[in-house]
2 protein chains.
Amino acid sequence: MSNIKNLKEFAQLAGVSTATISRALSGTGRVSEETRERVAALAERLGYQPNATARNLRTQRTMTIGVLVPLGHEAAQHLSDPFFNTMTGFLADALSDHGYDLLLSRVLPKGDRWLDRYIGSGKVDGIIVIGQSTEFAVIETVSRRYLPMVVWGGQVSGQNHCSVGSDNRKGGALAIRHLIERGCRRIAFAGPTQGPEFGERLQGVKQVLRETGLSETLIELPSHFEPGAAFEDIRAQLEGIAAMPDGIVAGSDVTAIGVLRALQALDIDVPGQVKVIGYDGLPVGAQVSPPLTTIDQQLRHGAGMIVDLLLRRLAGETTESRMIEPILIVRAST
Amino acid sequence: MSNIKNLKEFAQLAGVSTATISRALSGTGRVSEETRERVAALAERLGYQPNATARNLRTQRTMTIGVLVPLGHEAAQHLSDPFFNTMTGFLADALSDHGYDLLLSRVLPKGDRWLDRYIGSGKVDGIIVIGQSTEFAVIETVSRRYLPMVVWGGQVSGQNHCSVGSDNRKGGALAIRHLIERGCRRIAFAGPTQGPEFGERLQGVKQVLRETGLSETLIELPSHFEPGAAFEDIRAQLEGIAAMPDGIVAGSDVTAIGVLRALQALDIDVPGQVKVIGYDGLPVGAQVSPPLTTIDQQLRHGAGMIVDLLLRRLAGETTESRMIEPILIVRAST
DNA sequence: TTGAAAGCGTTACCAC
DNA sequence: GTGGTAACGCTTTCAA
């Protein structure tokens, strides 16, 4: 920490003008090699650092990206959700690789102005939204006039905003094909029914079932988003079921973990009696027992892509949405 | 989003001075009720919002708190670590309750200046460090001259910096007593051996074993921090063990999950043959099978406390470190 | 290569 | 109760 409080003071000590110091420290503009070295050494010795706020005001950029996690109806739902937390971590890494800071905000979307309010404050240069959930319309509207925004989530035709997410339909198809290959014939789909992403995954499953002539057998097991509630939902439904499925596609890894617990509670062996496959590729999936077979969305890669696209939009480019290739990861639950 | 770009423009449209607008909008200073309403309505209609950077510069505060996650030797260790992610989430909530934003930074501590650099930039009003890990000395030094900093972690006697964390020794004692009550007699302690927190937990365990006359039986199972590596470490050690323990205290929930997997891999029944207890109280502990008995550090409560202390330091108070009461949560793994 | 000075968009002091 | 205006600490023209 420095005892010098601003550039002016530092310039006096260095015996040059503030302009020269600024140039020397930022590396921009012409300064003699000698001065630059002298200034740099002095700054290091005194621990001087230019004030970021003042610089931001002058340069009209903050070098900060806002990451927004819209909390859905279930207000408490995301607090400890492994998906959002994991994604945030990856984004933090990707952003800091490019010299950007990450301003984290969890917002309860209220009305249709929450995004505008956030943007208007000028605290950030750009925005990343994790998950469209119920806010698809708001995001879509804002995207028409605010460019530096990239969203993690699904992609629908005609969509204006730039999103990154896995090919959910393909991923769903991948999951169900794997179960069929493993010999499953009575298939269930477990998970939330809301949100564009889950819907697409289910569509992928249905399509393959139709092609295979198994569509009659599909059992739907709707559940809440939140882990604890999901477990209860699934257990209640499986408990009273006429014929137990022999394979379950879960809409997310979190749901899949709930499914595993529910089956465990009912004393049903996985993968012996029922096989289970998740969706996301969260690290935690490898840590449960049995380790979870899943469709990997390559979140780290996705985070890198989001940041890359955002930086390009910041630079004035227009960018298209991107699909990430879903990858089957086979572990012990199938 | 607004088409108005600054206060001056807005003031012209409103037909009053910038000073009046500022007062009307911020609620500070005397303004007639009539003007305030008129200005507020116009601001709402035009979507005008004062620029945060300019305000920050003028007021000399950013209303932003930096949350630092120092990455230890194992650079990749925290990327997806549920503990850090969960803590960050709780902090985000607590901070936003008080109108503060959260600037998230993962830092690779390099040398002893990383904290100074962060502080010197003036991007934040205060700092929260999650975990002291190997940086205890640096934190301690900085705390002597930089006051608005609160650390999640252990507390040692004579420590200068303000920390919040559970009473690790007591928590360790709580864990081992529970295992003994459940009939365990050959006890093992699994987990990382580095860091002040794990050490204290182990001491708590040892002390109770001494008091009970069981101290001869303690088996130590050191492991890495990172989940995957921890699993391997534990499995390797249990595989070749002369006499299997009948109770295992894990240094953290993440370690405990690794222990559960290792036992599963060796076909050992939990809690039938071996009982396992974790430490942290992470939500994910309730989702594994069998659901994990653990010592709850009340992270949400802890996060609230950290923020509370930080705000008081920001206001000039001096604050003492706080211990959180560890609570035993019994689930199915014991 | 360097320095003087004009902003960046607010807030807060001081008059009126 | 309201308006003028000087900061806040920096970057970046423009001149020298």
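In what follows, chains carry the letters A, B, and so on, assigned in the order in which the sequence lines appear, proteins first and then strands, with residues in each chain numbered from 1.
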Rounded distance (Å) that lies between atom [atom2] of [N] and atom [atom1] of [X]:
X: B/I4; N: C/dT10; atom1: CD1; atom2: P; result: 11 Å
X: A/R38; N: C/dT1; atom1: CZ; atom2: C1'; result: 13 Å
X: B/F10; N: C/dT11; atom1: CZ; atom2: P; result: 12 Å
X: B/E9; N: C/dC8; atom1: CD; atom2: P; result: 11 Å
X: B/R61; N: C/dT11; atom1: CZ; atom2: P; result: 13 Å
X: B/R30; N: C/dA12; atom1: CZ; atom2: C1'; result: 11 Å

| message | Strictly under 4.0 angstrom, non-hydrogen atoms only: write out the protein contact profile of nucleotides 7-16 of chain D, one letter per nucleotide from the 5' end, B, S or -. | response | BBBBBBB---
| task | Mind running salt bridge (charged side-chain N to carboxylate O under 4.0 Å, His left out) on B/R38 and B/E33 for me, showing each step along the way? | result | CA-CA 9 Å; B/R38 205 165 49 79; B/E33 189 53 30; over 6 Å; no
| Could B/R145 and B/D116 be called an ion pair, given the rule that one side-chain N must be under 4.0 Å from one carboxylate O? | yes
| message | Rounded to the nearest 0.5 Å, what separates atom CG in A/L102 from atom OG1 in A/T88? | response | 7.0 Å
| message | Using a 3.5 Å distance criterion without hydrogens, assess whether the side chain of A/S96 forms a donor-acceptor pair with backbone atoms of A/G99. | response | no
| Donor-acceptor contact below 3.5 Å, side chain A/S321 vs main chain A/S163 | yes
| Hey, what's the ring geometry for B/Y48 with B/F10, parallel, tilted or perpendicular (30° and 60° as the breaks)? | parallel
